[in-house]
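The block underneath contains the structure these notes are about, expressed in structure tokens.
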There are 2 protein chains.
Amino acid sequence: MNTSATYTYKHPRATIASDIVVFGYDGYQLHILLIERGVEPYKGMWALPGGFMLMDETIEECARRELREETSVSGAYLRQFDVFSDIHRDPRGRVVTVAFLALVSKADYHLLAGDDASRAEWFVHDELPPLAFDHNKIINEGLKHLRDLIATRPVVLHLLDKRFSIAELQRLVETITGEEYDRRNFQRRLIHSNLLRPEGTESDSGSRPATLYSVRPEVYDDSDDDFCESQNCMSCKPEPKGSLPDNDIESMQGKRLSRAMREGLNFFKF
Amino acid sequence: MNTSATYTYKHPRATIASDIVVFGYDGYQLHILLIERGVEPYKGMWALPGGFMLMDETIEECARRELREETSVSGAYLRQFDVFSDIHRDPRGRVVTVAFLALVSKADYHLLAGDDASRAEWFVHDELPPLAFDHNKIINEGLKHLRDLIATRPVVLHLLDKRFSIAELQRLVETITGEEYDRRNFQRRLIHSNLLRPEGTESDSGSRPATLYSVRPEVYDDSDDDFCESQNCMSCKPEPKGSLPDNDIESMQGKRLSRAMREGLNFFKF
DNA sequence: TCAAAAGTGTTTAGATTACACCCATGT
DNA sequence: ACATGGGTGTAATCTAAACACTTTTGA
């Protein structure tokens with residue numbers, strides 16, 4: 001834009017930015033997406049994708065744009081989770097950053113560094129390099145938030161590939177919550193949950209191939225970046241009234257489902 | 001300060017503010033604290049307490065300061081819950097606001113309007129006057145957040161007076177969640193929860209006086225504006241090892257407590 | 001002695017856990 | 001045929017909901 005223009009105000013103002021903690025899952029390990037900074041400060045160091053808010057965009061739009069520009073990731077599930085405003089958190093001056101969480105399947109993206117980023121790479125979530133700014137703190141809070149979220153909403157599903165096995169999902173939930181669950185109970189719970197639709201089977205594998213599932217599209221409604229608030233969310237309606245999808249509730253060995261199950265919520269609070 | 005000084009930057013900047021949704025409970029109804037604006041814009045209209053962030057304070061400090069200056073409320077439980085950044089949300093220009101939740105017992109405060117506020121008053125949470133800016137939206141999100149929070153953390157306890165009856169607590173939980181619970185089950189659950197300590201009884205009442213309780217101080221640790229993360233939180237330790245407080249778990253009619261109960265979490269998800 | 005709200009005990013439906021077992025595949 | 005992980009059935013345990021009943025106060 002205009003490089004010589006300046007902007008003058010009666011009171012000092014901080015700068016507003018967004019930083020995004022992008023979680024990616026590959027069926028085995030939870031990763032975090034980092035960029036190598038191409039400009040000062042902290043040039044050459046790893047950092048979270050993010051950047052300054054423009055005057056004609058909301059902070060959500062800012063997060064989405066920066067993510068796209070710096071890493072080529074687009075269309076991800078995004079959710080604001082905290083604000084960091086320590087006075088000296090940025091050597092350039094007063095910068096207040098709004099932290100976002102993004103959840104994607106690693107398989108969905110080919111990373112392409114751009115803009116202020118000279119590289120963009122996935123790191124296993126607990127093997128991170130030294131980070132610029134207070135990004136370590138931001139990531140820690142992001143992990144905490146993800147743990148909280150998983151107990152309330154089926155957000156983890158965003159981390160899975162289009163088609164996935166229940167074992168993959170279990171590994172994911174276990175790394176996030178830090179607990180272990182009985183393989184067999186976990187399986188039954190999910191198969192009967194009405195959240196998933198079977199869709200083919202694994203190829204190779206050295207053992208019996210697992211059934212692959214996809215998430216019933218009605219389960220999430222991202223229009224508001226939130227779950228289960230649409231009228232069409234079958235998993236959320238107490239009584240679907242009409243005929244049920246494949247997994248007929250009543251046909252299941254005569255056992256009834258828990259309320260939590262029927263509602264498709266509170267899934268991963270084991 | 002210096003009234004003629006100006007501040008010049010190379011890029012345009014938004015202003016950062018905080019707004020606080022203060023919830024107050026009086027044993028019967030949930031209230032929200034509003035101020036009458038004493039300055040333009042929206043002069044004379046009701047609004048949330050809040051204001052611009054200064055350069056030498058964090059956004060949390062800003063929220064606390066504005067709350068004190070405009071309403072004289074101090075020492076409340078405060079928690080950031082959302083950021084509002086719509087481009088035209090403030091007629092004065094681009095203002096991004098960080099929304100906070102505050103939880104207090106109405107009895108603890110004598111309101112005293114000050115600063116930009118000409119009046120400060122409590123309103124029943126579902127009988128609010130027309131509000132300035134997008135404050136209606138902020139309050140709605142605040143209520144949603146409170147509902148989410150209550151299922152995860154025992155935050156409601158902050159809304160109660162030092163000493164309270166279980167009936168008061170039940171009314172509170174019911175207005176927040178919008179559900180009704182069996183009085184007797186609710187009672188037992190809480191009495192056996194290990195969260196409360198009996199402390200005298202109600203006076204007058206027209207019927208059998210209720211036992212009053214106070215919250216065991218170990219239950220919350222506000223140092224980080226968060227619960228149950230201190231080493232001293234007895235309710236959170238899986239096995240307190242030593243001797244238990246009054247409410248000995250094993251002595252309770254031989255019935256064991258649920259994990260949720262023992263941990264003192266997930267209390268109000270009925 | 002009655003109304004009104006506090007508080008206790010017990011039953012039962014149903015949800016979760018633990019675990020034995022069978023199945024399908026590659027080597 | 002055996003190792004490996006996928007998937008099913010079921011008994012035992014635990015939890016939460018429903019509700020009858022007793023207690024304590026003021027009028």
Side-chain angles (χ1 to χ4, degrees), chain A residues 27-28 151 163-171 173-174 179-194 196 198-213 238 247 249-270, chain B residues 27-28 151 163-171 173-174 177 179-193 196 198-213 247 249-263 265-270:
Chain A
Y28 293 93
R163 304 193 311 149
F164 54 89
S165 71
I166 303 236
E168 279 167 3
L169 174 50
Q170 177 166 4
R171 278 193 291 272
V173 173
E174 287 181 342
E179 300 190 44
E180 298 201 341
Y181 313 107
D182 183 281
R183 179 183 62 81
R184 295 155 296 183
N185 292 332
F186 190 95
Q187 199 144 224
R188 202 187 357 265
R189 225 163 139 156
L190 272 137
I191 288 173
H192 295 165
S193 72
N194 217 16
L196 310 181
E199 198 145 337
T201 59
E202 233 174 9
S203 38
D204 68 321
S205 74
S207 72
R208 175 175 174 178
T211 309
L212 296 179
Y213 294 85
N247 260 329
I249 286 178
E250 298 311 315
S251 71
M252 280 174 41
Q253 312 138 352
K255 304 223 175 189
R256 255 169 255 99
L257 292 170
S258 70
R259 186 166 60 99
M261 270 194 174
R262 264 182 278 117
E263 296 186 358
L265 292 172
N266 275 74
F267 243 86
F268 306 108
K269 173 162 284 166
F270 281 79
Chain B
Y28 293 93
R163 304 193 311 149
F164 55 90
S165 71
I166 303 236
E168 279 168 5
L169 174 50
Q170 178 167 4
R171 276 194 292 272
V173 173
E174 286 180 343
T177 64
E179 300 190 44
E180 298 201 341
Y181 314 107
D182 182 280
R183 179 185 61 81
R184 296 155 294 185
N185 292 333
F186 190 95
Q187 199 144 223
R188 205 190 353 268
R189 222 163 140 155
L190 272 136
I191 288 171
H192 295 164
S193 74
L196 310 180
E199 198 145 336
T201 59
E202 233 174 8
S203 39
D204 69 321
S205 73
S207 69
R208 175 175 176 178
T211 309
L212 296 179
Y213 294 85
N247 259 329
I249 286 178
E250 298 311 316
S251 71
M252 280 175 38
Q253 313 137 352
K255 304 223 174 188
R256 255 169 254 101
L257 293 168
S258 70
R259 186 167 60 99
M261 271 194 172
R262 266 180 278 118
E263 295 186 358
L265 291 171
N266 276 74
F267 244 85
F268 306 107
K269 172 163 282 169
F270 281 78

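Below, read A as the first sequence line, B as the second, and so on, with proteins coming before strands; counting in each chain starts at 1.
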* Using only side-chain N and O atoms of A:R189, determine if any of them is under 4.0 Å from OP1 or OP2 of C:dT17. => yes

* Structure fact -> When every non-hydrogen atom of B:R183 is compared with those of B:Q170, the smallest separation belongs to CA-OE1, 3.5 Å

* Length of the line joining B:E179:CD and D:dA16:C1', which is rounded to integer Å -> 14 Å

* To do: Go through C:dA6, C:dC19, D:dC19 for me and flag the one nearest to the B:N185 side chain.
  => D:dC19

* Counting only heavy atoms not in A:E199, do more than 12 sit closer than 6.0 Å to its CD atom? -> yes

* To do: Send over the distance from B:Q170 CD to D:dA17 P, rounded to a whole Å.
  => 12 Å

* On the 0 to 90° scale, with breaks at 30° and 60°, tag the A:F186-A:Y181 ring pair as parallel, tilted or perpendicular. => parallel

* Asked: Start at the 5' end of DNA chain D and walk down; is the nucleotide closest to B:D182 or to A:Q187 reached first?
  -> A:Q187

* **Heavy-atom side-chain proximity of A:R188 to A:N185 below 4.5 angstrom** => yes

* Are any side-chain N or O atoms of A:E202 and backbone N or O atoms of A:A210, one a donor and one an acceptor, separated by less than 3.5 Å? -> yes

* Asked: Quick one: B:E202 CD to C:dA5 C1', roughly how many Å, whole number?
  -> 9 Å

* **Minimum-distance pair of heavy atoms, taken over all atoms of A:Q187 and A:I166** => CA-CG2, 4.0 Å

* **Distance-minimising heavy-atom pair for A:L212 and A:S165** => CD2-N, 3.7 Å

* Structure fact -> Scoring nucleotides 20-27 of chain C by protein non-hydrogen atoms under 4.0 Å (B base, S sugar-phosphate only, - none) yields BB-BBBS-

* Atom CD of B:E180 and atom C1' of D:dA17: how far apart are they, to the nearest Å? -> 15 Å

* Considering just the side-chain nitrogens and oxygens of B:T211, establish if one lies under 4.0 Å of OP1 or OP2 belonging to C:dA6. => no

* Asked: Can you tell me how far P of D:dG6 sits from CG of A:L190, to the nearest Å?
  -> 14 Å

* Nucleotide C:dT16, atom P - distance to CZ of A:F186 in whole Å -> 14 Å

* Could you please name the option among C:dT8, D:dT10, D:dG6 that lies closest to any side-chain atom of A:R188? => D:dT10

